[in-house]
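Worksheet: one structure, shown below.
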Amino acid sequence: MSFDVLVIGGGINGAGIARDAAGRGLSTLLVERADLASATSSSSSKLIHGGLRYLEQYEFRLVAEALAERETLLRVAGHLVWPTRFVMPHVPELRPRWMIRIGLFLYDHLARRSVLPGSTAVRLTGPYGNGLRPELKHGFLYSDCRVDDARLVVANAIDARTNGARVLTGVECVSAKRQDGGWQARLSNGEQIEAKAIVNAAGPWVKRVLNGTLNQPSSDAVRLVRGSHMVVPRLYEGDHAFILQNDDRRVVFMIPYGDLHTMVGTTDEPQHEAESAQPSFAEVDYLCRAVNRYLAKPVHPGEAVWRFAGVRPLYDDGSSDPSAVTRDYTLRIDDDAGDAPVLSVFGGKITTYRRLAEEALHRLAPYFPGLRPAWTAQTPLPGSDFGGRPRMAARDAFFARHPTFPTPTLRAIFRRHGTLADQVIGTGGLGEDYGAGLTEREVAYFAEHEWARSAEDVLWRRTKCGLLMNEAQRRRVEQVMGK
């Protein structure tokens with residue numbers, strides 16, 4: 001088979017580029033050797049944010065772009081991205097109040113805001129001080145967004161397919177070489193395909209693919225940095241999140257995670273092998289010490305019910321401090337006398353994935369005369385086309401159409417699928433209830449329409465139901481998926 005573009009890697013950047021390319025009329029193939037979002041893109045801090053702390057590193061362009069994308073994603077991915085107010089307790093010995101005010105002023109004004117409220121000072125004696133030490137009296141309030149990261153990847157892959165792309169999971173690009181002005185690639189499923197261009201969006205494996213699979217020498221280097229998180233029983237009441245200053249001048253987030261848990265993260269530690277990324281005991285202890293500076297009731301490492309780590313594939317800018325390595329993306333393109341380009345993606349944040357994809361297509365445009373213009377900033381992702389209504393109005397209308405089903409189950413389905421929720425339910429019943437709001441009908445939908453192949457795909461990426469299930473319930477889903 002022959003394609004215009006072969007995209008290697010099914011994380012957020014690969015899925016975003018495949019969606020953009022397919023929507024511009026390019027025949028596109030996306031291959032992912034494991035599951036969509038199986039690595040970094042399902043192990044993030046679940047934030048769509050400008051990166052307040054990047055202002056201290058003078059990353060003004062990155063922050064401005066991320067803040068602008070925050071507004072765009074609220075419009076086009078409204079069922080997966082939702083506003084959240086963040087509280088920063090003030091600790092005078094860490095950063096003076098004037099410095100924080102200037103940073104928040106820049107955060108409010110580096111990009112136009114049309115949806116989110118601006119920052120303000122706040123007293124912590126009210127609801128925003130819930131769970132904190134009583135001596136913490138003052139703080140600051142600002143806006144950012146939370147996201148279901150793995151489902152954002154799936155939504156992009158679904159739209160890529162809707163626009164004509166072919167998406168293969170569990171399939172690896174084994175080798176590729178330039179031939180007759182294009183690429184000849186061999187896939188692990190035995191297929192031989194041709195492509196005019198290759199996009200290397202392999203994340204932490206970008207150098208391995210570039211130097212090994214594609215046999216392309218490159219002096220560009222990737223810096224692997226591990227970001228670890230822990231999930232604990234809920235630490236405070238309320239829907240707001242906290243950004244907490246630590247004494248090493250980093251920040252740690254406390255973010256609501258569902259109705260029953262709080263997520264705490266993240267760290268910045270060197271990582272040598274992407275495959276072995278796991279939170280260390282030292283990192284979990286670090287996170288506990290960081291939040292215990294602020295909590296009235298300390299949290300202990302043994303209380304963590306889930307721990308996960310993501311590997312950030314950052315472009316190596318030579319910085320000796322992992323926290324100071326730029327989070328901006330770098331795109332490198334190489335061709336053979338104007339033909340058969342390979343574009344490699346280094347770095348990037350989930351917040352700016354859509355702009356990264358636009359820039360990637362801009363860089364590829366000279367190889368595809370007549371390429372259609374950029375389109376993703378105005379077109380909702382599948383599930384977020386609310387037809388001009390507020391998201392909550394669309395959700396309530398969905399509830400009204402299915403009055404016989406349990407509301408908590410409907411709420412979970414709508415949160416995951418948005419306006420595709422009616423397709424998930426179909427015209428029959430929900431079937432067996434596996435627990436935590438996960439039903440037989442939705443699991444079948446994951447397998448038939450969302451490339452889910454294992455219980456892990458379902459329990460920890462398409463949903464987070466694994467966190468709320470007991471061992472017997474998880475085994476039941478494994479049995480069903482095994483069939």
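Few gaps surround CZ on Arg61; more than 12 heavy atoms of other groups in view lie less than 6.0 Å from it.
Looking at heavy atoms from C-beta onward, Leu244 lies out of side-chain contact with Arg293 at the 4.5 angstrom threshold. Counting heavy atoms from C-beta outward, Leu74 and Pro83 have side chains that approach closer than 4.5 Å. Annotation: side chain of Ile100 is in contact with side chain of Met88 (closest heavy-atom distance under 4.5 Å). The shortest distance between side-chain heavy atoms of Leu287 and Val252 falls below 4.5 Å. Counting heavy atoms from C-beta outward, Ile425 and Leu430 have side chains that approach closer than 4.5 Å. At a threshold of 4.5 Å between non-hydrogen side-chain atoms, the residues Glu283 and Arg226 count as touching. Between Tyr257 and Lys464, the closest side-chain pair of non-hydrogen atoms falls below 4.5 Å. Between Leu314 and Asp328, every side-chain heavy-atom pair lies at or beyond the 4.5 Å cut-off.
Checking Ser143 against Arg85 by side-chain atom types alone, a donor-acceptor pair falls below 3.5 Å.
Rounding to the nearest 0.5 angstrom, the gap separating the CZ atom in Arg97 from the CD1 atom in Ile102 is 14.0 Å. Separation of atoms CG (Leu152) and OG (Ser42) is listed at 12.5 Å; rounding is to 0.5 Å. Atom CE of Met263 sits about 9.0 Å away from atom CZ of Phe253, to the nearest 0.5 Å. Distance check, rounded to the nearest 0.5 Å: CZ of Arg75 to CG of Leu381 gives 12.0 Å.
Taking the six-membered ring wherever Trp is involved, the centroid distance between the rings of Phe414 and Phe399 does not fall below 6.0 Å. Ring to ring, Tyr445 and His417 are close: their centroids are under 6.0 angstrom apart. Aromatic pair Tyr142/Tyr107: centroids less than 6.0 angstrom apart.
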Next on the checklist: Using the rule given for salt bridge (Lys or Arg N to Asp or Glu O under 4.0 Å), can you reason through Arg70 versus Asp144, listing the C-alpha separation, both sets of side-chain angles and the distance that settles it, and then say yes or no?
Outcome noted: CA-CA 8 Å; Arg70 187 183 65 179; Asp144 261 324; 2.9 Å; yes
Checklist entry - Could you walk me through whether Glu56 and Arg53 pass the salt bridge (Lys or Arg N to Asp or Glu O under 4.0 Å) check? => result CA-CA 6 Å; Glu56 288 188 319; Arg53 73 181 183 91; over 6 Å; no
Item to check | Pair Arg249-Leu94, side chain to side chain contact (heavy atoms under 4.5 Å, CB included): steps then yes or no | outcome: CA-CA 7 Å; Arg249 297 195 67 80; Leu94 295 181; 5.7 Å; no
Checklist entry - Taking it one step at a time, do Arg95 and Asp247 satisfy salt bridge (Lys or Arg N to Asp or Glu O under 4.0 Å)? => result CA-CA 10 Å; Arg95 287 175 178 86; Asp247 53 9; over 6 Å; no
Checklist entry - Can you list the steps and then say if Glu71 with Arg112 is a salt bridge (Lys or Arg N to Asp or Glu O under 4.0 Å)? => result CA-CA 8 Å; Glu71 296 279 319; Arg112 184 173 63 86; over 6 Å; no
Next on the checklist: For a side chain to side chain contact (heavy atoms under 4.5 Å, CB included) check, start with the C-alpha distance between Leu224 and Arg312, then their side-chain angles and the critical distance, and finish with the verdict.
Outcome noted: CA-CA 6 Å; Leu224 301 183; Arg312 308 179 186 101; over 6 Å; no
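Cation-pi contact between Arg474 and Trp460: absent, since separation from the ring centre below 6.0 Å together with deviation from the ring axis within 45° is not met. Under a cutoff of 6.0 Å and an axis angle of 45°, Lys207 and Tyr315 do not form a cation-pi pair. A cation-pi arrangement is found for Arg161 relative to Trp451, the charged atom lying closer than 6.0 Å to the ring centre and inside a 45° cone about the ring normal.
When atom types are taken as modelled, the side chain of Arg307 and the backbone of Pro279 share no donor-acceptor pair closer than 3.5 angstrom.
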